[in-house]
Amino acid sequence: MSGGAGAYAAVDLGASSGRVMVGRVGPGILELTEAHRFPNRPVRVPEGLRWDVLGLYAGVLDGLRAAGAVDSVGIDSWAVDHGLLDADGALLGNPVHYRDGRTDTVAEKVWATVPASELYAATGLQYAPFNTLYQLVAARRTRQFAQAERLLLMPDLLAYWLTGEQGTELTNASTTQLIDPRTRTWAHPVAERLGIDLGLFAPLRQPGDPAGMLRPEVLEETGLAGTVPVTAVASHDTASAVAAVPADGERFAYICTGTWSLAGLELDAPVLTEESRAANFTNELGLDGTVRYLRNIMGLWLLQECLRAWGEPDLGALLREAAGAPALRSVVDAGDTAFLAPGRMPERIAEACRASGQPVPDSPAATVRCVLDSLALAHRTAVEDAQRLAGRAVDVVHVVGGGTRNALLCQLTADACGLPLVAGPAEAAAFGNVLVQARAQGRAGDLAGMRRSLAGAQPLARYEPRGDTRRWKAARARLAGC
């Protein structure tokens, strides 16, 4: 099917919103338009923080109705979270949100059975309190978990509702801390030692594999006609976004920006050293045998939570004022799990500055500048550490995702890294989603070809580094207390 242009629906679910985008791909054509956008609001109920997965599914159906005729559908979302199904395939309650506190003390229990160093050597995954492995250990004595016959990660759960077919897409599975990144299959010894039944998971799928056809009821609900396939894409949104980095060659670092910042390198093999574990780098799987070697940083969540606390003021005005505020007056550790939970973000940032002996931001603009300086510093640190740990130098930093729209953050990141920075595309995850679907139908080339097509079809912004990077090095030392 390599003739004219095809139309592809990319369901792209982020931690704060979902969207259905329609991509057109063909000879000399690479376009993306938004069909429908909808909120993704977690809900706090008596038992904890939960995802409104039924609301998300309704948004997906509305989006497919707005998209019109398409040749395929693909779904990507955030990682680690999942739904549990009973023997009849019915969902056993709303999926738990990764910011829920149920895993706060679980890691130590896991490490008592599988020490952290052994766990990293086997799975290559960074420590994060919400990794799927810790969620499963936290849940296994609950009545709901006892009833579970199947576990589906979020994109696979929605694909199941669309098609009636179950699978576990590999790039997202690699975030569970139950995949061996060398063999790219389940880490059976780890699961056995922790008493985790890998039979809960549906068979693994690769990006590009068929994931079923839209059920007749879905066709009727959305107004679509004929046989519409669902294609497994790189269903972890970061995997799709990295696939859409418009890089030339291998000497690049990437930063996928949004609620989180994911900063690192694309490698051919994982880095499983103890030094890498101590630096909290993760080895997640990407397209075409690649490894996403990266560090998780809190990202624009810090800014989003501040804006929410302030009653959603005009961001543009705040950014303009922040651009004129003193640089690097105060910085916080943007990777600190102290900032993971929602609520009181301006106060928590102030407390962190006070505790480290730095000036406390005295206005919203000063707090915004502290956040953006802190993110840029965290980006610099991650890019530097990744190069050192992987033994690969880079010449350019690519920023993709929602943060590309924040020119101040992009410029500060270029300044901090001391490298040219290329920003775009903003909708990288959706582009990666669409291009994998198109490739499955013979309308897109290999990974390098996909990136060339993006570089030629999308407007990209370039930022040159300004000033002396020594001030960023000094800020890092100040934050480290040395």
Side-chain angles (χ1 to χ4, degrees), residues 247 251-257 261-265 271 275-276 278-281 293-300 302-303 319-336 339 349-350 352-363 365-399 403-404 406-423 461-482:
R251 292 174 62 90
F252 69 93
Y254 59 79
I255 306 171
C256 300
T257 59
S261 281
L262 300 311
L265 310 178
V271 179
E275 189 180 13
S276 179
N280 213 31
F281 270 77
Y293 185 61
L294 60 87
R295 176 182 286 156
N296 274 34
I297 299 162
M298 287 295 162
L300 290 170
L302 300 173
L303 180 57
L319 289 173
R320 288 189 293 273
E321 192 174 349
L328 296 169
R329 182 170 180 262
S330 301
V331 290
V332 298
D333 179 1
D336 192 339
F339 299 119
I349 289 170
C353 292
R354 189 177 297 111
S356 59
Q358 299 177 91
V360 173
D362 56 5
S363 68
T367 300
V368 170
R369 183 58 188 248
C370 174
V371 165
L372 297 184
D373 281 345
S374 300
L375 288 178
L377 181 60
H379 294 162
R380 168 196 165 93
T381 303
V383 170
E384 283 190 338
D385 288 351
Q387 292 176 85
R388 173 176 53 82
L389 294 165
R392 175 181 290 180
V394 304
D395 302 321
V396 63
V397 176
H398 280 269
V399 174
T404 62
N406 190 321
L408 179 56
L409 176 60
C410 290
Q411 183 62 63
L412 291 174
T413 299
D415 297 345
C417 293
L419 290 167
L421 183 148
V422 177
R462 186 177 177 93
Y463 296 82
E464 296 295 338
R466 307 172 306 185
D468 193 331
T469 59
R470 285 180 295 184
R471 60 185 182 143
W472 294 92
K473 184 177 180 179
R476 181 178 179 180
R478 186 171 78 236
L479 189 60
C482 58

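On a predicted model such as this, the values are computed, not experimentally measured, just so you know.
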### Task
Please name the pair of heavy atoms, one in V332 and one in C370, separated by the smallest distance, quoted to 0.1 Å.
CG1-SG, 4.2 Å
### Query
Roughly how far, to the nearest 0.5 Å, is CG of L319 from CG of L303?
7.0 Å
### Message
A side-chain contact here means heavy atoms from C-beta on lying under 4.5 Å apart; do F281 and D385 qualify?
### Response
yes
### Query
Counting only N and O atoms by type, is there a donor-acceptor contact under 3.5 Å from the side chain of S261 to the main-chain atoms of T257?
no
### Task
Measure across A423 and C410 and return the closest heavy-atom pair with its distance rounded to 0.1 Å.
CB-SG, 4.0 Å
#### Entry: Minimum-distance pair of heavy atoms, taken over all atoms of A376 and L409
N-CD1, 4.3 Å
### Query
Hey, what do you get for CD1 (I255) to NE2 (H398), rounding to the nearest 0.5 Å?
11.0 Å
### Query
Do the side chain of Q411 and the main chain of Y463 share a donor and acceptor less than 3.5 angstrom apart?
no
### Summary
Applied to residues 409-423, the salt bridge (charged side-chain N to carboxylate O under 4.0 Å, His left out) test, sequence neighbours excluded, yields D415-R466
### Query
Residues in side chain to side chain contact (heavy atoms under 4.5 Å, CB included) with A334, at least two apart?
I297, L302, L375, A378
### Query
Side chain of S330, backbone of P359: donor and acceptor closer than 3.5 Å?
yes
#### Entry: Donor-acceptor contact present, side-chain R329 to main-chain R369, <3.5 Å
no
### Message
Any heavy-atom pair between the side chains of D333 and S374 that's under 4.5 Å?
### Response
no
### Message
Distance check, rounded to the nearest 0.5 Å: L265 atom CG versus Y254 atom OH?
### Response
7.0 Å
### Task
Taking the side chain as every heavy atom from C-beta outward, state whether R380 and T469 have any pair of such atoms under 4.5 Å apart.
yes
### Over all atoms of both residues, closest heavy-atom pair of V360 and A350
CG1-CB, 3.6 Å
### Query
How many angstroms lie between atom CD of Q387 and atom CG of L389, to the nearest 0.5 angstrom?
10.5 Å
### Task
Report the distance from atom CZ of F252 to atom CG of L419, rounding to the nearest 0.5 Å.
13.5 Å
### Salt bridge D373-R478, side-chain N to carboxylate O under 4.0 Å
no
### Query
Distance from L377 atom CG to W472 atom CH2, nearest 0.5 Å?
6.5 Å
#### Entry: Minimum side-chain heavy-atom gap R476-E384 below 4.5 Å
yes
## Note on the structure
Sequence neighbours excluded, the answer for side chain to side chain contact (heavy atoms under 4.5 Å, CB included) partners of A323 is L408
